[in-house]
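Read through the structure below, which is laid out as C-alpha cells, and then see the notes.
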Amino acid sequence: MKIIDLYIIKKYLGTFGFMLGLLTIIVLVIDVQAKAPRIESNGFTVTEFLINFYPYWIVNLIITFMSILVFISVIFFTSRIANDTEIVAIISSGASFHRFARPYLMTSGLIAIFALLLNHYVLPLANVKKNELEPYTYTTMAREEFTGSSEVSTQLSKTEYIFVKSYNKKEKRGTGFIYQKFDKNRKLIYQLNATDFNWDTTKKLFVLNNFFAKTINKDETEKLENGSAMDKSFIHPPEELFPDVLLGQNKTTPDLIKFINREKEKGNGNLNNYLNELHQRTSMPVSVIILTFLGLSLSSQKKRGGLGVNLAIGIALAFVFVFSFEALKVVSANKTMSPLFAMWLPNLIFGPVALYLYFKRANQ
C-alpha cells in the first residue's frame with residue numbers, strides 16, 4: 001500500500017498544484033486588465049504593481065481559494081482513477097476504503113497545517129504590503145474611505161474619548177480635534193481642543209496645533225491653558241486609534257488578539273470585523289480536511305456521466321461554500337450572529353455531511 005499511498009499523494013499534490021497555478025494565472029491576467037486604468041489614473045504603472053502589489057495579492061488569493069481548490073482537485077483526480085477502475089482494483093486487493101483514504105487524510109492534514117501557518121503569521125505580513133496599494137485599485141468613491149478625509153472618533157478607555165471633525169488616514173493629520181476625559185460619575189473633568197494635529201513619525205507623538213485645554217476641578221473651578229503647539233501621547237499610533245477594516249488583516253494572530261483584548265478593555269463593542277478575521281484564520285484551513293473527504297466520498301465511485309458530473313457537483317458546492325463564508329461575514333459584522341459561530345458554521349454544516357457520505361461510501 002505504500003506505493004499506492006505515494007501514487008495518491010502525487011496525484012493529489014500534482015492536481016492541486018496545477019489547479020493553483022492555472023487559477024493564479026487566469027485571475028491575475030483578468031485582474032490586471034480590469035484594474036490597469038485605475039492604477040494608471042492614480043499615477044502608478046502596471047509594472048510597479050506587478051512588482052510591489054501582485055506578489056502579495058497572490059498570497060492572499062491562494063489562501064482564500066485553497067480549500068475550494070483542494071475540493072475540486074480531489075474530485076478531479078479521484079473521478080479519473082475511479083473511471084479507470086483503479087479504486088475497484090485497490091479495494092479488491094483486500095484494502096479497506098478507510099485504508100485507501102489514509103493518504104487523503106495525510107495530504108489534506110499537511111496542507112491544512114501549512115495553511116494555518118500562512119494564515120496566522122505569513123499572510124498578515126503580505127497584507128501589509130498589499131493593503132498599502134490596494135486602495136488605488138478601487139473606484140474613486142471606495143478609495144476615499146482609505147485615502148480621503150472623514151469624521152472619526154475613538155474611545156481610549158471607559159472614560160476617555162477623541163473626536164476629530166476631519167481626519168486623513170493616509171497623511172495621518174486632521175482638523176477639529178477634541179479630547180475629553182470624564183470621572184466615574186460621567187462628569188467632564190478635562191477637555192483638550194486643537195484646530196489641527198498631525199502624527200510625528202520621529203517622536204511617535206501627536207502634535208496638536210493651536211490648542212486650548214480646560215481642567216475642571218472638584219470645586220467646579222476651571223484651569224485654562226492654551227498655546228501654539230503641544231506634543232501629546234495617546235499610547236497608540238494613529239492606525240490603531242482610528243482603525244479601518246484592513247487593520248485586522250495586517251496583524252499576525254498574536255498581535256490581533258492583543259488588539260482585540262485592548263479594544264474590549266476600552267469598551268469598544270464594534271469588533272466583529274476583527275473577530276471574523278481571527279476565527280476565519282483557523283476555520284478555513286480546517287475546511288481543507290472536511291472538503292477533501294467530501295470530495296473523496298462524492299467521486300470515488302464510477303458513475304454515469306463520469307468526471308463531468310462530479311466536477312459540476314463539486315463546482316456548485318464550492319460556490320455554495322465560498323458564498324456562505326462571505327454572506328456570514330456580513331451577517332456577523334451587523335452583529336446578528338456571533339463571529340465565532342458565523343466563521344465555523346460552514347464547517348459545522350459541511351463536516352457532518354462529509355462524514356455521513358464518507359461512511360456511507362465506506363460501507364458499500
Salt bridge (Lys or Arg N to Asp or Glu O under 4.0 Å) partners of residues 146-157, not counting sequence neighbours, each pair once: none
CA sep, side-chain torsions, deciding dist, call: Glu240, Lys251, salt bridge (Lys or Arg N to Asp or Glu O under 4.0 Å): CA-CA 11 Å; Glu240 292 195 10; Lys251 290 184 173 294; 2.8 Å; yes
Student check: side-chain heavy atoms of Glu263 and Gln155 closer than 4.5 Å: no
Ile235 atom CD1: more than 12 heavy-atom contacts under 6.0 Å: no
Aromatic plane relationship, Tyr167 with Phe242 - under 30° parallel, 30 to 60° tilted, over 60° perpendicular: tilted
Nearest-0.5 Å distance that lies between atom CH2 in Trp199 and atom CZ in Arg173: 13.5 Å
Student check: side-chain heavy atoms of Leu192 and Phe211 closer than 4.5 Å: yes
Backbone N/O of Asn209 and side chain of Thr195: donor-acceptor pair under 3.5 Å: yes
ILVMFWY network linking Ile349 to Val70, side-chain heavy atoms under 4.5 angstrom: yes
Residue pair Tyr54 / Asp31, side-chain donor-acceptor N/O under 3.5 Å: yes
Atom pair CD1/CE of Ile63 and Met284 - distance to nearest 0.5 Å: 9.0 Å
Nearest-0.5 Å distance that lies between atom OG1 in Thr64 and atom CH2 in Trp57: 9.5 Å
Residue pairs involving residues 3-42 (criterion ring pair (Phe, Tyr, Trp, His ring centres under 6.0 Å); sequence neighbours excluded): Tyr12-Phe77
Lys35 NZ: over 12 foreign heavy atoms closer than 6.0 Å: yes
Remaining members of hydrophobic cluster (4.5 Å side-chain criterion), Tyr161: Phe163, Ile178, Phe182, Leu188, Ile216
Sequence neighbours excluded, every pair satisfying salt bridge (Lys or Arg N to Asp or Glu O under 4.0 Å) that has a member inside residues 194-215: Lys203-Asp231
Summary of salt bridge (Lys or Arg N to Asp or Glu O under 4.0 Å) pairs that have at least one residue in residues 271-294, sequence neighbours excluded: Glu277-Arg281
Closest contact, heavy atoms only, Ser332 versus Ser338: OG-C, 4.1 Å
Ring-face cation contact, Phe53 with Lys129, 6.0 Å cut, 45° max: no
Qualifying ring pair (Phe, Tyr, Trp, His ring centres under 6.0 Å) pairs, either residue in residues 342-364, two or more places apart: Phe97-Tyr358, His98-Tyr358, His98-Phe359, Phe293-Tyr358, Phe321-Phe350
Atom CZ of Phe114 with >12 non-hydrogen neighbours under 6.0 angstrom: no
Heavy atoms from other residues, nucleotides or ligands near NZ of Lys232 exceed 12 (cutoff 6.0 Å): yes
Partner of Asn347 by side chain to side chain contact (heavy atoms under 4.5 Å, CB included), out of Ser287, Ser67, Pro352: Ser287
